[in-house]
2 protein chains.
Amino acid sequence: MSDQNYDVLKLENQLCFPLYACSRQIIRKYHKYLDELNLTYTQYIAMLVFWEVRKINVKELGKRLYLDSGTLTPLLKSLEEKGYVRRYRSKEDERVLLVEITDSGDALREQAVTIPEKMNGCMNLTPEEAVTLYQLLYKALS
Amino acid sequence: MSDQNYDVLKLENQLCFPLYACSRQIIRKYHKYLDELNLTYTQYIAMLVFWEVRKINVKELGKRLYLDSGTLTPLLKSLEEKGYVRRYRSKEDERVLLVEITDSGDALREQAVTIPEKMNGCMNLTPEEAVTLYQLLYKALS
DNA sequence: TATAATTAAATTGTACTCAATCGAATTGAG
DNA sequence: CTCAATTCGATTGAGTACAATTTAATTATA
């Protein structure tokens with residue numbers, strides 16, 4: 001077996017690697033702007049959901065973000081400490097934890113709205129390429 | 001400003017999010033196969049480099065993987081404990097830590113070579129789409 | 001040639017990420 | 001009703017990520 005072809009194991013032949021590296025690269029670029037809002041990237045995408053839906057439980061939030069309670073529980077406690085959300089058990093089902101945005105969390109939206117524009121063009125892709133990338137990623141996620 | 005348009009902050013309008021979610025999804029799928037080799041995903045991509053170049057210093061490895069010493073130092077210590085690499089200071093420049101694959105690390109390649117095939121098709125993309133995705137990601141990385 | 005600047009890793013501290021497990025609440029089959 | 005199964009979130013532990021700092025070694029310059 002010493003004539004085995006190992007080309008499939010070359011780093012440059014992996015699709016996973018640029019995906020992983022690119023994901024980390026863009027998150028790193030976000031941090032610069034998110035620091036001003038006292039948010040990490042993961043907290044930011046959680047806030048994106050809260051700005052849209054106002055209130056959601058942990059399970060549903062996890063489905064949207066593809067994250068589980070091991071990640072979300074400490075993250076939501078942190079957002080609560082910052083005053084951006086409040087957490088309370090559902091009266092109908094005590095197992096369910098509801099998380100609702102506060103006025104302070106809502107106010108943050110005004111600052112955050114400039115971020116997407118600032119991030120534009122940070123990726124060296126044409127708008128068409130960005131759309132193609134977006135579509136392929138969502139296809140892969142399905 | 002209450003008529004501000006917040007559409008740019010919708011989760012579905014972010015390019016970063018599917019990138020981030022997709023990256024984590026594919027890494028999660030790798031774990032199933034990497035567990036058999038006693039490797040994590042990050043350790044696996046480091047081994048991909050070692051299988052190609054045999055020996056490399058931390059700085060150069062970091063450049064290839066877009067990772068810094070904060071991540072690599074504990075990772076390489078772990079690979080050393082497993083017996084897959086050995087670490088030693090360069091004689092020419094004591095600041096440089098050289099990391100070299102061992103026979104045991106080399107033997108692992110035989111098992112790893114089946115992984116790319118097993119991962120094929122796990123992504124719901126045609127081969128052409130995968131190529132397009134690959135090219136866009138590397139363009140974005142540059 | 002001292003010493004200032006630079007470089008390479010290691011360390012530190014914060015924050016994920018996720019598999020596995022746990023405990024409490026709820027639901028469902030008999 | 002009742003107990004087994006399920007569900008929800010929290011917890012735990014291992015392993016990243018990464019910014020910032022530190023330490024040791026090397027190089028450059030006055």
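Residue numbers begin at 1 in each chain, while the letters A, B, ... track the order of the sequences.
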Side-chain heavy-atom pair B/His31, B/Ile27 within 4.5 angstrom cut-off: yes
Among B/Leu136, B/Leu125, B/Leu133, side-chain contact (heavy atoms from CB on, under 4.5 Å) partner for A/Leu137: B/Leu133
Whole-Å distance separating the CG atom of B/Leu67 from the P atom of D/dG15: 16 Å
Touch class at under 4.0 angstrom, heavy-atom based, for B/Thr71 against every strand present: base
Interatomic distance, B/Leu61 CG vs D/dT16 P [rounded to whole Å]: 12 Å
Nearest-Å distance for atom pair CG/P, residues A/Asp68 and D/dA14: 17 Å
Nucleotide range of DNA chain C lying under 4.0 Å from chain B heavy atoms: C/dT7 to C/dA19
Ion pair check, B/Lys63 and B/Glu60, cut-off under 4.0 Å: yes
For atom CG of B/Leu75 and atom P of D/dA17, their distance in whole Å: 9 Å
Whether B/Tyr44 and B/Tyr30 hold their rings parallel, tilted or perpendicular, with breakpoints at 30° and 60°: tilted
Side-chain N,O (A/Arg28) to OP1/OP2 (D/dC18) below 4.0 Å: yes
Residues, nucleotides or ligands: over 12 heavy atoms within 6.0 Å of B/Arg64 CZ: no
A/Tyr41-B/Tyr20 aromatic ring centre distance below 6.0 Å: yes
A/Tyr20 vs D/dA17: side-chain N/O to OP1/OP2 distance below 4.0 Å: yes
Distance, nearest 0.5 Å, that separates CG of B/Leu34 from CD of B/Gln111: 11.0 Å
Look for any protein N or O under 3.5 Å of an N or O in nucleotides 8-10 of chain D and output each such pair with its distance, or none.
{"residue": "D/dC8", "atom": "OP2", "partner": "A/Lys59", "partner atom": "NZ", "Å": "2.9"}
{"residue": "D/dC8", "atom": "O3'", "partner": "A/Arg95", "partner atom": "O", "Å": "3.3"}
{"residue": "D/dG9", "atom": "OP1", "partner": "A/Val58", "partner atom": "N", "Å": "3.4"}
{"residue": "D/dG9", "atom": "OP1", "partner": "A/Leu97", "partner atom": "N", "Å": "3.0"}
{"residue": "D/dG9", "atom": "OP2", "partner": "A/Lys59", "partner atom": "N", "Å": "2.7"}
{"residue": "D/dA10", "atom": "OP1", "partner": "A/Arg87", "partner atom": "NH1", "Å": "3.2"}
{"residue": "D/dA10", "atom": "OP2", "partner": "A/Thr73", "partner atom": "OG1", "Å": "2.3"}
{"residue": "D/dA10", "atom": "N7", "partner": "A/Ser69", "partner atom": "OG", "Å": "2.7"}

Given DNA chain C, 5'-ward residue of the pair A/Thr40 and A/Glu94, judged by closest heavy atom: A/Thr40
DNA chain D: 5'-proximal contact among B/Lys82 and A/Arg24 (nearest heavy atom): B/Lys82
Qualifying residue, where the test is side-chain contact (heavy atoms from CB on, under 4.5 Å) with B/Leu61 and the options are B/Val99, B/Leu97, B/Leu67, B/Leu76: B/Leu76
Whole angstrom value for the distance that separates C1' of D/dG15 from CG of B/Asp35: 12 Å
Main-chain N/O of A/Val8 paired to A/Gln14 side chain as donor or acceptor, under 3.5 Å: yes
Rounded distance in Å - CD1 (B/Ile45) to P (D/dG15): 16 Å
